[in-house]
Amino acid sequence: MDEPERHWEEANMTRVQEFILLGLSTRPGLRGVLFAVFLTLYLLTVLENTIIVLLIWSHAELHKPMYFFLGNLSCLEMCYVSVTVPTLLLGLWSGPCHVPFTSCMTQLFFFITLICAECTLLASMAYDRYVAICRPLHYPILMRPEVCFMLAVASWMGSLSVSVIKTVFISGLSYCGPNVLNHFFCDVSPLLNLSCTHVALTELVDFISAIVIFYGSLMVALVSYMAIGAAVVRMPSAAARLKAFSTCASHLIVVGIFYSAAIFIYARPKRMENMDLSKLLSVIYTVLTPMCNPIIYCLRNKEVQGALHRTLYKTRIRQSSVS
């Protein structure tokens, strides 16, 4: 190809300035019902996690490694749902919405950061429970504040690094039309499907990073819970075994649902092309698991329940004294 033809072809590949998000549903009759449902779930998730963060911050008895990680997870969940759900709600309220290119890449960056951080935090929490149950005598040393802090920092910094790399590769692709994303937020596969340039290298980077983050953290979580399960079996008390199995089972259900959906979408060598299935699975790990995590990990915990009851009691006392 000679020089004039190359310049003419590059001139005709106009870079997309914005994307159109089709949203979760295009049916007007269904959108109103879904808007009410997801708005309720969003507000409930923010409320649950706000309560947990305030309880952990204000009660000295909750200043322990387990609650340190739970506080981090709650902060993450509030950011997580606030990155993806607003565009979901906007699409349900007004139909397909226009998102500038830079805003789309910004949303993608924060989403990748938060989903990777959630994976590593869940693994850290599973390891914390393994040490507490299987090596209780070494717990004060292995999970001292400095170690917990470093685990949290490593989780966030590692997630930021992965997100920067993936976002740079995806934003560097050429998008020359069409610009319609069949999704409710700017996700990896929909963007790769719209690219008009070769995406093999970007797919490889996305696949390798997903393997490291998702499978690596999943293996840590599974090995930790398997060791916990083996320790629980050896407990002499049937009541203690039942209680421990109940707690571990609920944790494993949440972890299993989250990782199954995320791995199916992201840890695959080729981009996902069935966007309707992608949207359905995305609802699971962007809306449902953030709502369930506070209940499973915290609000069923007796120490957290006790702190909540004391806080409510003090609130009632203050209100009575004022009135």
Side-chain angles (χ1 to χ4, degrees), residues 41 45 48-49 66 69-70 72-81 83-85 108 110-130 151-152 154-156 158-163 166 183-185 187-189 203 205-230 245-272 274-275 277-298 300:
L41 294 179
T45 301
E48 289 173 346
N49 287 288
M66 179 176 70
F69 290 118
L70 287 171
N72 271 268
L73 183 66
S74 291
C75 290
L76 185 150
E77 298 285 22
M78 286 190 285
C79 297
Y80 190 44
V81 295
V83 165
T84 56
V85 176
L108 177 69
F110 283 112
F111 169 72
I112 294 173
T113 300
L114 293 167
I115 193 173
C116 291
E118 176 146 5
C119 288
T120 50
L121 275 175
L122 289 174
S124 297
M125 290 163 60
Y127 173 72
D128 171 71
R129 290 298 84 202
Y130 156 74
L151 284 172
S155 174
W156 285 102
S159 302
L160 280 170
S161 302
V162 170
S163 184
K166 294 177 73 167
H183 215 294
F184 57 85
F185 70 97
D187 200 1
V188 175
S189 289
E203 284 183 331
V205 170
D206 180 57
F207 177 62
I208 292 174
S209 60
I211 288 291
V212 172
I213 291 290
F214 289 118
Y215 282 112
S217 57
L218 177 60
M219 287 305 298
V220 171
L222 287 180
V223 170
S224 297
Y225 283 121
M226 286 171 63
I228 291 171
F245 270 126
S246 173
T247 302
C248 289
S250 60
H251 289 190
L252 277 172
I253 289 171
V254 173
V255 168
I257 291 173
F258 173 80
Y259 277 107
S260 297
I263 286 174
F264 184 79
I265 293 179
Y266 298 106
R268 48 195 294 149
K270 291 292 184 180
R271 61 188 180 275
M272 191 170 187
N274 187 342
M275 286 298 102
L277 177 59
S278 177
K279 286 193 289 186
L280 179 62
L281 294 175
S282 296
V283 167
I284 294 174
Y285 63 79
T286 59
V287 180
L288 296 183
T289 54
M291 183 196 67
C292 294
N293 280 343
I295 300 171
I296 298 297
Y297 283 106
C298 251
R300 294 170 69 246

- Task: Kindly give the heavy-atom pair with the smallest separation between Val287 and Thr45, and that separation in Å.
- Result: O-OG1, 4.4 Å
- Should Phe258 and Ile115 be marked as a side chain to side chain contact (heavy atoms under 4.5 Å, CB included) after you check the CA-CA gap, both sets of side-chain angles, and the distance that decides it? CA-CA 10 Å; Phe258 173 80; Ile115 193 173; 4.0 Å; yes
- Task: Ignoring hydrogens and angles, tell me if any N or O in the side chain of Ser155 forms a donor-acceptor pair with the backbone of Leu151 under 3.5 Å.
- Result: no
- Ignoring hydrogens and geometry, is there a side-chain-to-backbone donor-acceptor pair from Ser217 to Thr120 under 3.5 Å? no
- Give, for atom OH of Tyr285 and atom OG1 of Thr84, the distance between the pair rounded to the nearest 0.5 Å. 9.0 Å
- Message: Once rounded to the nearest 0.5 Å, what's the spacing between atom CD1 of Ile112 and atom CG of Leu108?
- Response: 4.0 Å
- Query: Is any side-chain heavy atom of Val83 closer than 4.5 Å to a side-chain heavy atom of Leu114?
  - Reply: yes
- Query: Less than 4.5 Å apart, any side-chain heavy atom of Ser282 and any of Asp187?
  - Reply: yes
- Note on the structure: Of all heavy-atom pairs linking Ser159 and Thr113, the shortest is CB-O, 3.3 Å
- Residue pair Trp156, Leu76: steps toward the side chain to side chain contact (heavy atoms under 4.5 Å, CB included) verdict: CA-CA 10 Å; Trp156 285 102; Leu76 185 150; 3.8 Å; yes
- Give the intermediate values and the outcome of side chain to side chain contact (heavy atoms under 4.5 Å, CB included) for residues Val283 and Phe184. CA-CA 9 Å; Val283 167; Phe184 57 85; 4.0 Å; yes
- Interatomic distance, Lys166 atom NZ to Cys116 atom SG [nearest 0.5 angstrom]: 5.5 Å
- How far apart are the C-alpha atoms of Asn293 and Glu118, what are their side-chain angles, what is the distance that settles it, and do they pass the side chain to side chain contact (heavy atoms under 4.5 Å, CB included) test? CA-CA 11 Å; Asn293 280 343; Glu118 176 146 5; 3.1 Å; yes
- Task: Report the relative orientation of the aromatic rings in Tyr127 and Tyr130; use parallel for angles under 30°, tilted for 30 to 60°, perpendicular for over 60°.
- Result: tilted
- Rounded to the nearest 0.5 Å, what separation is found between the CG atom of Leu41 and the CG atom of Leu288? 7.0 Å
- Could you tell me whether Phe214 and Tyr259 have their ring centroids closer than 6.0 angstrom? no
- Could you tell me the separation between the CD atom of Glu48 and the CD1 atom of Ile295, rounded to the nearest 0.5 Å? 4.5 Å
- Task: May I ask you to test the Ile211-Ile208 pair for a side-chain heavy-atom distance under 4.5 Å?
- Result: no
- Item | Parallel, tilted or perpendicular: ring planes of Phe111 versus Tyr80, cut at 30 and 60 degrees | parallel
- Query: With side chains defined as the heavy atoms from C-beta onward, is the minimum distance between Met125 and Met66 less than 4.5 Å?
  - Reply: no
- Task: Output the distance between atom CG (Leu121) and atom CD (Glu77), rounded to the nearest 0.5 Å.
- Result: 9.5 Å
